[in-house]
Every structure is written in C-alpha cells, then in structure tokens.
Amino acid sequence: MKRWLVCLGEILVDFLPLERDGTITGFSLHPGGGPFNVAVGLARMGVPTAFVSKVGNDYFGRRLRSHVRAEGINDRWLASVEAPTTLAFVTIEDGEPAFTFYGDAAADTLLTPADITPDLVEATALLHFGGISLLRGTTPSAALAAALGLRGKALVSLDINVRPRLITDEASYRATVAQAVAACDLLKLSAADIAWLAPATNPLVYARAQLEAGPCVVAVTRGGEGVTALRRQGDRIEQLDVPGFKVQVADTVGAGDTFSAGLLAALADTDALSRDALTQMPSASLVEALRRGAAAAALACSRPGANPPNRAELEAFLCT
C-alpha cells in the first residue's frame, strides 16, 4: 500500500484584505488553515500528501475540495458534512497577521476518533497536526487519537500554533497541548507560541523542557532570524542553529506552516520518517532539512498570503 504524508486539522477560507490608500476596502478568498497550508506545501514539493478533515456541503466546502484536488492532495479522508465551512478574516495589526474566525460548530471541528480508521493508520508514513484543531469541537480528540495511534508506526509532527484570541478555556487547552506534545516526535514552536505558553521564559529553556515531555526534536522558529533545533542525543542535548534568509517581506501569513512543509518534505526525501530515523539522522542532514524549511518560509513571506513554493522555486532560491 502507498504510504502518505498526512496532515490533519482545520481547513477554511481565508479572507485576505484588499487595501487602498491604507484602508481595507474588501477581501479576497483563499484556501487556508494551518495543517492544510502544510499539506499544500508538501504537495508542491512533490511528496505523496493526504489531508484528513471535514468540509461543509456548501459553496465554500466545494471550493475547498476543488482546491485540494487541484494541488494533487489525496482527499480520500476529507469528508463533506451538513455543517458550515470555517471562514477566517485576516488583517495585519502591528506587522503581524490577526485572525477573526467564524467557525462555531463548523465542519472541520467535527472530526471524531472514529474517523481515524485502520486504513488511514496503515497508509500513514507521517502525521502532522496542530493549530486551532486543538481548540474546537471534537476534532482535538480525533487529533490526539491519531497521534497516539500512530506513535511508533509513523513520524508524528506537531505545530502548536497558539491562537490566543480563540482560547476560551485556558486550562482545557493547556491540557490538550500537553497531551499532544507527549504524543509527538517532532515539535515545532514559534517564539510567539512560547511567549503565550510560558511568559517571560527563555524560548530555548522552554524548548529544552519539552524534550523531557515527549518529542525527540524541538524546532523553535525565530522569524527572520532563522530556527534553532534541539535534539536529544543519549544523555546530551544537541543544539543546531540555522540562520534565516533575507527577503522583501510582503506578509508573514502561513510562514510557519511553510517552514513545516519544507522541513517535513526534506525529511521525507531522506526517508527520515520515524522517531529512530530522526534521532539517528546525521547532524549535517538535519541542518540541511531545517535550512530548507527556513528557505521555504522566506519565499512564502516574499508574496502575499499563504502561498508555499514548489520544489523548483525552492531549489532556485537556494542556489541564489
């Protein structure tokens, strides 16, 4: 059976602002959602990619499914249900994307553990999850069931991607995050995530503590400054620092997702799709995978919206 790099979680329509003379005059529609952006990035790298979620049986849901198929993503485990599709309006405030979501009881909040079927588990070489799918409806329980069910059978990747404005029950959310971290092999964090999860804590101190909780690698992205990864190597912790790439920034929407896609595609290229393989991967190879993730993110920042590069674009950028 063909094995897939599987992304699970939110899929929605982003409404990106159209401005005239510094004033928002309207919005343009774009497919979005953190795990879905990662799936698009992986598919554009030419690796076999599948997406697990639910979309509404409405105009927006049909539009999203068409986009999934157009990107060459396997939609076998993407169900259509009688529920609205999540909509997100994006604005830029203080130089950072700000999101307003309309998604109560939306389709992508309705995944359940029963949707994590044996054929999905058997077909998965890598699972990537996180984002607002850890917050809403029954989807968090499905995501955790997938991660726990695949632990030891596939590489499990988590991007927490905290959205503070959407958190209504902080204690419950923190408990879900702790379970997700314990179930993953590769954890991606941003400096902004850590600032919310552990205010006033040094990001690398926090990242080091997460290695004790479950993952074997923790990657901390630092915007244009690059990425630092920590990896447990027996009794010691290895630190790998990769500088960022200088580009003219259009916006940073989807930058973290594109980093994950570039990194995970590079791991797939070297067949590092298990916890053991990631732990034993030569340091130089892991640095190169992180570098490819950082380069992909820089390219995404150079153009509006969540628009990951394809493999040819990434290779050309790395050669400049």
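The figures that follow rest on heavy atoms only: side chains count, while hydrogens, waters and symmetry mates do not. Remember, predicted model here, so these are calculated numbers, not experimental data.
- When every heavy atom of P309 is checked against every heavy atom of L314, the shortest pair comes out as CB-N, 4.5 Å.
- No side-chain donor-acceptor contact under 3.5 Å links T279 and D276.
- A side-chain contact (heavy atoms from CB on, under 4.5 Å) with C216 is found for one member of R275, R231, Q280 and no other, namely R275.
- Applying the salt bridge (Lys or Arg N to Asp or Glu O under 4.0 Å) test to every pair with at least one member in residues 10-32, sequence neighbours left out, gives no pairs at all.
- Legend: residues meeting ring pair (Phe, Tyr, Trp, His ring centres under 6.0 Å) with F51, ordered by chain and number and at least two apart, are F36.
- Legend: residues meeting ring pair (Phe, Tyr, Trp, His ring centres under 6.0 Å) with F245, ordered by chain and number and at least two apart, are F317.
- Contacts of R151 classified as side chain to side chain donor-acceptor pair (under 3.5 Å), with partners at least two apart in sequence or in another chain: D185.
- In the hydrophobic cluster analysis, where Ile, Leu, Val, Met, Phe, Trp and Tyr join through side-chain heavy atoms closer than 4.5 angstrom, M45 is grouped apart from L273.
- Of the charged side-chain nitrogens involved, none lies within less than 4.0 Å of a carboxylate oxygen, so that K153 and E122 do not count as a salt-bridged pair.
- Side-chain atoms of P35 and L8, non-hydrogen and from C-beta on, never get closer than 4.5 Å to each other.
- By the side chain to side chain contact (heavy atoms under 4.5 Å, CB included) test, P304 is found to be paired with A250, D251, residues two or more places apart in sequence or in another chain being considered.
- Note on residues 186-218: pairs passing ring pair (Phe, Tyr, Trp, His ring centres under 6.0 Å), not counting sequence neighbours, are Y173-W196.
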Less than 3.5 Å apart, which donor and acceptor atoms pair up between the side chains of residues 284-296 and the rest of the protein, not counting sequence neighbours?
unit_1: R292; atom_1: NH1; unit_2: E315; atom_2: OE2; d: 3.4
unit_1: R292; atom_1: NH2; unit_2: E315; atom_2: OE2; d: 2.5

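- The hydrophobic clustering, which links ILVMFWY residues whose side-chain heavy atoms are closer than 4.5 Å, places V217 and V227 together.
- In the hydrophobic clustering of this structure, L158 does not group with L144; members are Ile, Leu, Val, Met, Phe, Trp, Tyr whose side-chain heavy atoms approach within less than 4.5 Å, directly or through other members.
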Could you pull out every donor-acceptor pair under 3.5 Å between side chains of residues 97-106 and any protein atom, sequence neighbours left out?
none

Working for side-chain contact (heavy atoms from CB on, under 4.5 Å), residues W77 and T117: CA-CA 9 Å; W77 298 285; T117 55; 4.0 Å; yes
Candidate pair N57 and R65, rule side chain to side chain donor-acceptor pair (under 3.5 Å), full reasoning: CA-CA 10 Å; N57 188 20; R65 185 180 294 279; over 6 Å; no
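- Counting only residues at least two apart or on different chains, no ring pair (Phe, Tyr, Trp, His ring centres under 6.0 Å) pair has a member in residues 271-301.
- Residues meeting the side chain to side chain donor-acceptor pair (under 3.5 Å) test with T109, sequence neighbours left out: none.
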Evaluation steps, side-chain contact (heavy atoms from CB on, under 4.5 Å), between I132 and L12: CA-CA 11 Å; I132 65 173; L12 49 86; 4.2 Å; yes
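- Under the side-chain contact (heavy atoms from CB on, under 4.5 Å) rule, V218 has a single partner from T228, L186, I237, L211, which is L211.
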Distance-only donor-acceptor hits, side chain of residues 258-267, under 3.5 Å, sequence neighbours excluded:
unit_1: T258; atom_1: OG1; unit_2: G254; atom_2: O; d: 2.8
unit_1: S260; atom_1: OG; unit_2: G256; atom_2: O; d: 3.4

Intermediate values then yes/no, side chain to side chain donor-acceptor pair (under 3.5 Å), D108 and S53: CA-CA 6 Å; D108 62 351; S53 190; 5.2 Å; no
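- Every residue was checked against the side chain to side chain donor-acceptor pair (under 3.5 Å) condition with Q233, not counting sequence neighbours, and none meets it.
- Atom CD of Q248 has 12 or fewer heavy atoms from other residues, nucleotides or ligands within 6.0 Å.
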